[in-house]
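Okay, so here's the structure we're looking at.
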Amino acid sequence: MSQSLDRDLVLTVNGIAYPVSVDHGRNLLSVLRTEVGLTGTKEGCDDCECGACMVLLDGQPVNSCSYLAAQAVGREITTVEGMVRDGELHPIQRNLLEEGGVQCGFCTPGMIMSATALLARTPDPTDEDIRIGLSGNLCRCTGYAKIIAAVRRTAADLRGE
Amino acid sequence: MLIASTLDDALAAVAAGARPIAGGSDLVVGARHGKAPLPASLVAIDRIAELQTVTETADGGLVLGAGVSHHVIETHPVITGHFSGLADASALVGSPSTRHVGTIGGNVMNGSPAMDTGAPLVVLGATVELRSTTGTRTVSIGDLWTGPGRTAAAPDELCVAVHLPAPPPRSGSAYVRLEYRRAMEIAVVGAAAAVTLDADGDVASISVALSAVAPTILAVSGLTGLAGRSVADVAAAAAEAAAEQARPISDLRASDRYRRHTVGVMARRAVEAAARRAAGETIAVPVNRALGIGAVAATPGAPS
Ligand SMILES: Cc1cc2nc3c(=O)[nH]c(=O)nc-3n(C[C@H](O)[C@H](O)[C@H](O)COP(=O)(O)OP(=O)(O)OC[C@H]3O[C@@H](n4cnc5c(N)ncnc54)[C@H](O)[C@@H]3O)c2cc1C
Ligand code: FES
Ligand code: FES
C-alpha cells in the first residue's frame, strides 16, 4: 500500500526500529547521527563525493548524506555499528586493523560498508573488482593498498579459506 | 512525501502536483547544491514493482521500466550482450552506490547534456513511454530533450518505460567517454555508435550520437551515405563529422577546442568498438575499461 509520510518516520537501523520526527527533506546521514544517535557513520564532504557516509539500504550501498531519510522508511538500514556480532569485530573490521588499512579512521566506516556490499555480490573479487567496489570511497591517509589487501583477505576468510 | 506502491497512486500524485523522485541522485544532490529547492511535495516511485522490470519482447526488443537501476543495466546479460552500448554507459555512472540508486528514468528525465545513457539510447533507436492519468504517449528519445535539463514531458507525466527495438543481425553498439578519473566522474565528452555490417564485413548502417558537446545529446547527421564502405573509412568519416557538428562550450573541465577534437576521437573509437562487436567479438562492458579508453588504472607497483 502507498504510504503518506509527514514528520514522523520510523527508521529500521541495524534491526532496531527508531521513531524519529524530522523536517521535510532531511538527509538520512544527519538523522542517523543526530536523532538516532549512531555517530559511526561519518560526514566528510556532505556532497555525495567522498563515501564517508556510506550505509547499506537493504544491503546496497547508499551515500546517506544525499539520500532523503523519508525514502529509507520500510527498508533495512545497516551502519558500521551493525557489523559487530556478539562483541566480535566483523572480519572486514579485524582485517582492516591487522593489515594497517586504518590510519585516521575517518573513511573506515564507509569503506567497511562498501566492502560489505561488494563481498555480498562478489565473494571472490579480483583486485580490479575491489577497486571498483570501493571507487565511491576516498581515503586521504592510506594510499588504498592496505585497504585493498584487507578486503582481499576478508573475502578469503568469508569463503572459509 | 508519498511512497507510492502502485503506478496509479504515483500518477494521481503527480497529477496533483507532486514531483517524482526515484533514486534522488540528481534531484536531492541538485537541491543540496542549491540548484533548485527540494519540491515541497514529492512522490517516491522507487518501490513500484512494474517500473523495475526488464522485459524482452517477442521480436527481440527490450522494455526497461523507468525504475531500472544502472546496476541492473550494467549486469543484465541481455543488455550487456545485445544492447552493449547502453550497458557501457550505465557501468560508467558514478560509483557502485550511484549505480544502485540511480535509474534510467531519472537519467533521461533529468536531461543533462553530459548524461551517459543518452547517446547510446539515441543510436539504439529508443523511445520513451510517458504516462499521465489521462493517457499514454510514446516519444522518440531524440525528441524528449528540449534543452539542458528540459524535456517534452508535461509535469503530470511520468516516464514509465524506455523501449529498445530489436537490434538487426550483425550489429553492435558501444559507448565511450573521455574522463579524467575512473569513477565519480562526469563525461568530458562521450560518443556512442551502433554499427550493422554487411556480409562482406563492410558497414551496412551506422549511427553516432554525442554527449557533452551541445545543449542536448547530439545525433550526428549525414552518415547514411557511408553505407558499403569499410569500417576504417566509416570510423574516420564519423570522427570528422562528429568534430564538425559538435557545438561544445568551454568550462572548467575543458575548452571548446579540446572537446571538439576529443569528441572526434571518441566517435572513432565508438565506431571501431561497435563494429568489432557487430563482427561477433566480445568486448567486456564497459568498453572504456576493456580497451583502456579514458582514465586507465595505475600499473600496480608503478609510482603514482
Ligand atoms: C556522485 C554522482 C555521480 C554521478 N555520475 C553520473 C555519471 O557518471 N553519468 C550520468 O549520466 N549521471 C551521473 N550522475 C547523475 C545521476 O546519478 C543519474 O542521472 C541517475 O540516473 C539519476 O537517476 P535517479 O533515479 O537518482 O533520479 P532522481 O534524482 O530521482 O530524478 C532525476 C529527475 O528526473 C525526474 N524523474 C525521475 N524519474 C522519473 C520518471 N520515471 N518520470 C518522470 N520524471 C522522473 C525527477 O523528478 C528529477 O527531476 C551522478 C550523480 C551523482 C550524485
Ligand atoms: S559525506 Fe556523503 S559522500 Fe561525503
Ligand atoms: S584512514 Fe584516514 S581517510 Fe582513510
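Side-chain atoms are counted along with the backbone in the values below, which use heavy atoms only and exclude waters and symmetry mates. Residue numbers begin at 1 in each chain, while the letters A, B, ... track the order of the sequences.
Near-neighbour residues of residues 38-54 of chain A relative to chain B, defined by a heavy atom under 4.5 Å from a heavy atom of that chain, comprise A:Asp46, A:Asp47, A:Cys48, A:Glu49, A:Met54. The contact list for residues 55-64 of chain A toward chain B, using heavy atoms and a distance under 4.5 Å, reads A:Gln60, A:Pro61, A:Val62, A:Asn63 by residue number. Within residues 87-119 of chain A, no residue has any heavy atom under 4.5 Å from a heavy atom of chain B. The stretch residues 67-87 of chain B places B:His71 near chain A, each with some heavy atom under 4.5 Å from a heavy atom of that chain.
When heavy atoms are compared at a cutoff of 4.5 Å, B:Ala22 approaches chain A solely by way of its backbone atoms N, CA, C and O. Residue contact with chain B, scored on non-hydrogen atoms closer than 4.5 Å, involves the side chain of A:Arg121 exclusively.
Interatomic distance, CG of A:Asn137 versus OG of B:Ser95, reported as 7.5 Å (0.5 Å rounding). Rounding to the nearest 0.5 Å places CE of B:Met184 at 8.0 Å from OG of A:Ser135. The CD atom of A:Gln3 sits 9.0 Å away from atom CG of B:Leu2, with the distance rounded to the nearest 0.5 Å.
Side-chain contact check for A:Tyr67 versus B:Val101: some heavy-atom pair is nearer than 4.5 Å. Side chains of B:Met1 and A:Leu68 form a contact here, defined as non-hydrogen atoms less than 4.5 Å apart.
Atom CZ of A:Arg85 has 12 or fewer neighbouring heavy atoms from other residues, nucleotides or ligands inside a 6.0 Å radius.
With A:Ser2 as the partner, the side chain to side chain contact (heavy atoms under 4.5 Å, CB included) test is satisfied by one option alone out of B:Ile3, B:Asp8, B:Asp9: B:Asp9.
Taking both residues in full, the closest heavy atoms of B:Ala44 and A:Gln71 are given as CB-NE2, 3.9 Å, listed atom of the first, atom of the second, then distance.
A distance-only check finds a donor-acceptor pair linking the side chain of A:His24 to the backbone of B:Pro39 [under 3.5 Å].
Comparing B:Arg99, B:Arg181, B:His33, B:His100 by heavy-atom pairs within less than 4.5 Å of chain A, the highest count is held by B:His100. For the set B:Val29, B:Ile21, B:Thr6, the count of heavy-atom pairs under 4.5 angstrom toward chain A peaks at B:Ile21. Across B:Ala4, B:Ala40, B:Ser25, B:Pro96, the residue that shares the most heavy-atom pairs under 4.5 angstrom with chain A is B:Pro96.
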